[in-house]
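Down below is the structure, laid out as structure tokens.
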Amino acid sequence: MANGGGGRPIKVLNVAEKPSVAKSVAGILSRQQGLRMREGRSRFNKIFEFNYTINGRPCLMSFTSVTGHLMEIEFDERFKKWHSCDPVQLYHAPIRKYVPEDKLDIKRTLENEARNCQWLILWLDCDREGENIAFEVVEVCTQVNRNLNIWRARFSALIDREIHHSVQNLIRPNQLFSDAVDVRQEIDLRIGASFTRFQTMFLRDAFVLDVITDERNLVLSYGPCQFPTLGFIVERYWEIQSHEPEEFWTINCTHNSDEGTATFNWMRGHLFDYTCAVIIYEMCIQEPSATVTKVRQQEKLKYPPYPLSTVELEKRASRYFRMSSEQTMKVAEDLYQSGFISYPRTETDGFSDQTILHRIVEEQQEHPQWGSYAQRLLDPGVGLWRNPGSGGHDDKAHPPIHPTKFSAGESSWSQDHHRVYELVVRHFLACISQPAKAAETTVEIDIAGEPFSASGRIIIAKNYLDVYRFESWGGSIIPTYNFGQQFTPTTLTLDSGVTRPPPLLSEADLLGCMDKAGIGTDATMHDHIKKLLDRCYATKDSNTRFSPTYLGEALVMGYDDMGYELWKPHLRSMMESDMKAVSVGTKRKAEVLEACLQQMKACFIDARANKGKLFEAMSIFFERSNRPPSNELHTGGDVVRRCGLCNESDMVLRKKPDGNFMVGCLGYPQCRNVVWLPSSICEAVVTTNTCSACTPGPIFKIQFKFRQLEIPPNYDVNHLGCIGGCDFTLRQLVEICGTGSRNASSIPGRGQGNPTSSNSGQRRSSGGWMACTHCGQTGHLSDTCPSQASRGRTARTREFNPENGLAGESSIPCNSCGASCVLRTANTANNRGRKFYSCQSQACNFFVWEDSLSGDRSAPPHTNMSRSASNPTSTRRGGRGSRRGAHANNAFVSATGEPISGRCFVCGDPSHFANVCPNRGR
DNA sequence: GCAAGGTC
């Protein structure tokens, strides 16, 4: 940039991306000397004035701001109305960029200022969006002043040196960066609007979408960020549903001494082959002397977290306080606005060398909770201080989130304000502290050639954990062992476990998935999550875990059936790499736009041609509608009972559009409790009679009338029935006639690598007449209980297997908890086709192979299993016990079906195994 | 009535 020399001061208009940056930069440049502030047209965007010298030339600086993007894009008037055109035209319809109503004041300020200036310096954030906003500002300003000399200030942090350097080294704005954003905006609008209009108009009126939102206002939106986010939720849900439990075995050893108890874990982990496990276990039992083969002591460090970025703040607030990302950002924004924390939208997770960390700590010394920690941190004698690490991310615009003003709590703060401020301060203090230190001892032993290990940990110094109360590091004492020492284990047990599916995605998990796949930005990720909830595509439980709704699942399923991965993150990744190419100049804007839109248009046309798939998927979950959306599903019905599942709403009798009856919870879709009634019912009326047998009451009886020709001759067409579970006649008729459940349709199987979960036979409703052992309601079993994590898809896909019979028919009472065990078929490599009973109660983990029973199916054996403490996946137990029970009937079998010698290795008694032998150790 | 991105 040429040195302009002396002469009259140059009038310079400076524009920042937000008011706070305008204020900060003006303060830094003016050194607070002669800084004046005046109002602009917009009350948020003040104008600061001061004198400054750029490369030797005196300048009269006026400094104002925008608030993010100044402009939006939209379709030309003719295409704006939904029914104005075929959605496919939206791939080529003209679009315009304009300043929306709420930004007109800012535009007028810029125009007023620009008229009188010679230079325009753009202080927008140094990322692609910032560059695009810079060009929006340029467009507005040059409209009123074509002679403006336009410059770009490039800065990476709001610190003196950085700001003064950038203004003395101005560059020109980067058109390519801005072009990349233009591409993104246009593609997002065209794809989003076309698919949203298409699927909304195609599906909304075709089905009875029993969601909370008024159907007339319901929009079935599609967006390149919201759909992949939904995809993560659905994919995990399907993974859970297709999970087949697989039994495994492990050997555990404990040893009691004067100093305490050591628990040794088998270093093989676990084996899925029972025979192998038993053989090894036999070897150990027969030669149980343990020899210490290794004693290792070492210092371990637990490092504090990196400085706080936005995504990390959202994840941690969700994990520690169960706050939604949306609420976290709302509160953080509030704290930022009132000056207590730094800018909350940042990707940066490392402090610049310039940041004066001590000063921030000094401010916190007076705090009643963490003030003393801050004092210790500042005391060099304590040695607690440590220069913070960095996660390696830097958005070149903002520092990590940190406290900017001391507060011991403000009267206007909500509990969430206190929480977020505390998290920001404690996190800051933690990341400039020494790691926690511990001494860990690991002892390895050998029993009959099998290695086992145990470890203990003694915390030497908690350091950062003293202030970061959200994390812990458990200590455990282990007795002293010496190399070569021999001892006899106190217990040596063969324990079983069953693999468990992963949990539903938590909000922190979901943010992690999005972050990894590049879906959304730090400032928008929480919006995409909220959108899924607003659109009724997903629900979030009290544990912050997400499940798809029927609607969300059906949409993803429909596109998946078409073979399109529109619900996966690839499309966004592809767009992101194209935008990158545009921003570095390896691809031209027009070229990328044309290629992408052409591709997406072809995809849209094809999707529309295959809309039958979408229709089929929706049909699985929703009733067809041939009348206006307002129907009895929304207008309630007569109350039959209080919902025992959600305990918040009543369950009401409803007649569905297809004529079938059901009793459903009014809390739907939050609560999905439903009892499907026989399809042979032509009339049903709730009476004032209550059932004396079923609990919890009152349960009002229903007067049914059946269609004569659809029920067996020995049943009466009129029947006063109860849905509480006591009514044998109703149960019979459900089994004979089926129900009106839409879930009776077949649903192809999903999930990874599980082809056999697809439909392999006639489907039946899952809503049997056994009471759910989880919620106590009838109409479903606990494995399909709407309150359970693995509900939904399983509930709708339960197979009627002629070999197994219906779940209800093939169930047997659980001897462990008194609920019921249902017969299932394993699909794991080692046990494919093998039948097993598993308890339907979520609280009970009973499990038994059918072939280990001795014929008396009504009473599966129950034993108290020894439990392994170390394997977190081994929550479902019972296999070992099942063999004990079977053993009593002389029917020990291996996983492959061969008989196993069943005799205690210690005393020879055939009634038990050695691990529970009363004579062992004598 | 549609997207996602800024920000207040």
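Only heavy atoms go into these numbers, but all of them, side chains included; no hydrogens, no water, no symmetry mates. Every chain is numbered from 1 and lettered A, B, ... according to where its sequence line falls, protein lines coming before strand lines.
Among the protein residues, A/T67 comes within range of the nucleic acid bases, having at least one heavy atom under 4.0 Å from a base atom. Across all strands shown, A/D527 has no heavy atoms under 4.0 Å from either base or sugar-phosphate atoms. Nucleic acid contact class of A/E17 (heavy atoms, under 4.0 Å, all strands): sugar-phosphate only. Residue contacts for A/R184: at a heavy-atom cut-off of 4.0 Å it reaches a base atom on one of the strands shown.
Distance NZ (A/K107) to P (B/dC8): 22 Å, rounded to an integer number of Å. In this structure, A/K46 atom NZ and B/dT7 atom C1' are separated by 16 Å, rounded to whole Å. Rounded to whole Å, the distance from CE on A/M575 to P on B/dG5 is 9 Å. Rounded to an integer number of Å, the gap from A/I133 CD1 to B/dA4 P is 18 Å. Per the geometry, CE belonging to A/M329 stands 11 Å off P belonging to B/dG6, to the nearest Å. Atom CD of A/Q226 is separated from atom C1' of B/dG5 by 14 Å (rounded to the nearest Å). In this structure, CZ of A/R190 is placed 16 Å from P of B/dA3, rounded to the nearest angstrom.
In this structure, a donor-acceptor pair under 3.5 Å is absent between the side chains of A/H570 and A/S573. Between the side chains of A/N45 and A/T64, no donor-acceptor pair of N or O atoms lies under 3.5 Å. Side-chain N/O atoms of A/D509 and A/S506 include a donor and acceptor closer than 3.5 Å.
Nearest-nucleotide positions on DNA chain B place A/L90 closer to the 5' end than the other of A/L90 and A/Y343. Nearer to the 5' terminus of DNA chain B, by closest-nucleotide assignment, is the contact made by A/M201 (compared with the other of A/D188 and A/M201).
An OP1 or OP2 oxygen of B/dA4 is reached within less than 4.0 angstrom by no side-chain nitrogen or oxygen of A/T524. Put simply, A/R128 has no side-chain N or O that comes within less than 4.0 Å of OP1 or OP2 on B/dA4. Here A/K103 does not reach the OP1 or OP2 of B/dT7: none of its side-chain N or O atoms lies under 4.0 Å away. Between B/dG1 and A/S221, no contact under 4.0 Å exists linking OP1 or OP2 to a side-chain N or O. Taking 4.0 angstrom as the limit, A/R535 places none of its side-chain polar atoms (N or O) nearer than this to OP1 or OP2 of B/dG1. For the OP1/OP2 pair of B/dG5 and a distance below 4.0 Å, the side-chain nitrogens and oxygens of A/H528 include at least one atom meeting the criterion.
Between A/E72 and A/K97 no salt bridge is recorded (no basic side-chain N to carboxylate O distance below 4.0 Å). Look at A/R184 and A/E129 and you find a salt bridge, because one of the NZ, NE, NH1 or NH2 atoms lies within 4.0 Å of a carboxylate O, short of that distance.
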